[in-house]
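For reference, positions follow the sequence shown, starting with 1. All values derive from a computational prediction rather than experimental measurement.
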Amino acid sequence: MANPTPFDLSGKVAVVTGGNTGIGRGIALGLAKARASVAILARNEQRNHDTLVELEKTGVPAMALKLDVSQRKTLRPALEAVDRKLGPIDILVNNAGFAILKGVLEHTEEDWDSVLETNLTSCFLLSKYAAASMVGRKSGKIINVASVGGYKGTPIYPSYGVSKGGLLQLTRCLAIELAPYNIQVNSIAPGWTTTDMTD
């Protein structure tokens with residue numbers, strides 16, 4: 001009988017930030033359908049609960065943690081919690097992100113800092129922490145959800161564009177550094193996608 005999924009991730013542990021809605025939710029459910037154990041890390045507890053119910057319907061081990069990726073001190077403990085419950089992390093999907101739709105003249109310092117912290121710095125830190133474990137096992141995948149907005153200029157969201165452009169470059173740097181340890185680092189760059197955020 002043919003395998004109903006295009007690939008089998010049985011025995012793998014995946015973490016998806018912002019995994020309770022939109023693109024992140026789709027990724028989390030896709031990983032679960034491929035038989036990976038899945039942890040979603042996101043801020044909204046009700047959405048976490050609702051998505052966890054859907055994950056558990058697939059029959060794989062799953063968990064949801066309330067996490068604001070802009071809070072640096074919470075990132076390593078969150079990954080450690082996943083490790084304790086589901087096992088060592090094999091797949092990290094850095095998906096959490098948001099945009100502030102203001103041009104440069106209206107952008108405040110706080111706007112800039114909050115977008116860069118969420119969309120770029122958290123990806124650097126989570127990748128660093130996850131890779132430390134992956135290196136010892138000589139295996140792992142890191143997937144950064146960037147954006148077509150990282151490739152072109154825009155008058156409406158400079159901090160978002162810069163954060164996603166930076167994430168593309170971070171992906172290149174990590175891919176080169178971690179390749180000798182059999183850790184693949186890739187990015188995907190969605191175009192405009194209808195989600196709760198874009199609505």
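- For residues 17-28, there are no salt bridge (Lys or Arg N to Asp or Glu O under 4.0 Å) pairs, not counting sequence neighbours.
- Rounding to the nearest 0.5 angstrom, the gap separating the CD1 atom in Ile183 from the CG atom in Leu174 is 9.5 Å.
- Annotation for Glu177: atom CD does not count as buried by contact number, only 12 or fewer foreign heavy atoms lying within 6.0 Å.
- No more than 12 heavy atoms of other residues, nucleotides or ligands lie within 6.0 Å of CD in Glu109, so this atom counts as exposed by the packing criterion.
- Of all heavy-atom pairs spanning Gly18 and Ala42, the tightest one is CA-CB, 4.0 Å.
- Following chains of ILVMFWY side-chain contacts shorter than 4.5 Å, one cannot reach Ile176 starting from Leu178, and the two form parts of different hydrophobic clusters.
- For Thr51 (side chain) and Asn48 (main-chain N/O), no donor-acceptor pair under 3.5 Å exists by modelled atom type.
- Ala39 approaches Val82 most closely through the heavy-atom pair CB-CG2, 3.7 Å.
- Asn44 and Arg47 get closest at one heavy-atom pair: OD1-N, 2.9 Å.
- Annotation: side chain of Val145 is in contact with side chain of Pro190 (closest heavy-atom distance under 4.5 Å).
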task = Given side chain to side chain contact (heavy atoms under 4.5 Å, CB included), test Phe98 with Ser114 step by step and report yes or no.
result = CA-CA 9 Å; Phe98 80 108; Ser114 64; 3.7 Å; yes

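- Nearest approach of Leu31 to Ala14, heavy atoms of both residues: CD1-CB, 3.7 Å.
- By the side chain to side chain donor-acceptor pair (under 3.5 Å) test, Asp113 is found to be paired with no residue, residues two or more places apart in sequence or in another chain being considered.
- In terms of modelled atom types and a separation under 3.5 Å, the side chain of Asn95 and the main chain of Thr17 share a donor-acceptor contact.
- Chaining together hydrophobic side chains whose heavy atoms lie under 4.5 Å apart places Val104 alongside Leu105.
- For the atom pair CD1 (Ile100) and OH (Tyr157), the distance works out to 14.0 Å, reported to the nearest 0.5 Å.
- Gln184 is linked by a side chain to side chain contact (heavy atoms under 4.5 Å, CB included) to Lys141, Asn182, Asn186, counting only residues two or more places apart in sequence or in another chain.
- Side-chain heavy-atom separations under 4.5 angstrom define the hydrophobic clusters, and Leu52 shares its cluster with no other residue.
- The side-chain contact (heavy atoms from CB on, under 4.5 Å) with Ser159 is formed by just one residue from the set Asp111, Val115, Leu120, Asn119; it is Val115.
- Nearest heavy atoms, Thr58 versus Ala32: OG1-CB, 3.6 Å.
- We find the CG-CZ distance between Leu67 and Arg43 to be 10.0 Å, quoted to the nearest 0.5 Å.
- At a threshold of 4.5 Å between side-chain heavy atoms, the hydrophobic network of Ile, Leu, Val, Met, Phe, Trp and Tyr places Val135 and Ile142 in one connected group.
- Shortest non-hydrogen contact noted between Gly19 and Ile40 is O-CG2, 3.5 Å.
- With sequence neighbours left out, Ser37 forms a side chain to side chain donor-acceptor pair (under 3.5 Å) with no residue at all.
- Side-chain contact of Asn144 with Ser187: a donor-acceptor pair under 3.5 Å is absent, judged by distance alone.
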message = Using the rule given for side chain to side chain contact (heavy atoms under 4.5 Å, CB included), can you reason through Trp112 versus Val162, listing the C-alpha separation, both sets of side-chain angles and the distance that settles it, and then say yes or no?
response = CA-CA 10 Å; Trp112 179 271; Val162 167; 3.9 Å; yes

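- Val13 places none of its side-chain heavy atoms less than 4.5 Å from the side chain of Val38.
- For Arg137, the side chain to side chain donor-acceptor pair (under 3.5 Å) partners two or more places apart in sequence, or in a different chain, are Asp90, Ser133.
- When the side chain to side chain donor-acceptor pair (under 3.5 Å) test is applied to Lys128, no partner is found at least two apart in sequence or on another chain.
- Without hydrogens or angle criteria, Arg76 side chain to Leu125 main chain gives no donor-acceptor distance under 3.5 Å.
- Taken from OH in Tyr129 to CZ in Phe124, the straight-line distance is 8.0 Å, to the nearest 0.5 Å.
- Atom-to-atom distance recorded for Leu168:CG and Ile188:CD1 is 11.0 Å, nearest 0.5 angstrom.
- Results of the side-chain contact (heavy atoms from CB on, under 4.5 Å) test with Ser70 over Thr121, Leu116, Thr118 single out Thr118 as the only residue that passes.
- Two residues are said to be in side-chain contact when any heavy atoms from C-beta on lie closer than 4.5 Å; Ser139 and Met134 fail this criterion.
- Side-chain heavy-atom separations under 4.5 angstrom define the hydrophobic clusters, and Val60 shares its cluster with no other residue.
- Taking hydrophobic clusters as Ile, Leu, Val, Met, Phe, Trp and Tyr residues chained together by side-chain heavy-atom distances below 4.5 Å, Val53 does not share a cluster with Leu55.
- For residues 56-72, every residue pair satisfying the salt bridge (Lys or Arg N to Asp or Glu O under 4.0 Å) rule, not counting sequence neighbours, is listed here: Glu45-Lys66, Glu54-Lys57, Arg72-Glu117.
- Contacts of Ala81 classified as side chain to side chain contact (heavy atoms under 4.5 Å, CB included), with partners at least two apart in sequence or in another chain: Leu65, Arg84.
- For the salt bridge (Lys or Arg N to Asp or Glu O under 4.0 Å) condition, no pair includes a residue of residues 152-174, sequence neighbours left out.
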request  = Would you please test Ser127 and Asn94 for side chain to side chain contact (heavy atoms under 4.5 Å, CB included) and show each step?
outcome  = CA-CA 8 Å; Ser127 297; Asn94 286 311; 3.1 Å; yes

message = Could you go through Leu92 and Leu126, starting from their C-alpha distance and side-chain angles, then the distance that decides it, and tell me whether this counts as side chain to side chain contact (heavy atoms under 4.5 Å, CB included)?
response = CA-CA 8 Å; Leu92 170 66; Leu126 287 165; 4.1 Å; yes

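- Taking hydrophobic clusters as Ile, Leu, Val, Met, Phe, Trp and Tyr residues chained together by side-chain heavy-atom distances below 4.5 Å, Tyr151 does not share a cluster with Ile143.
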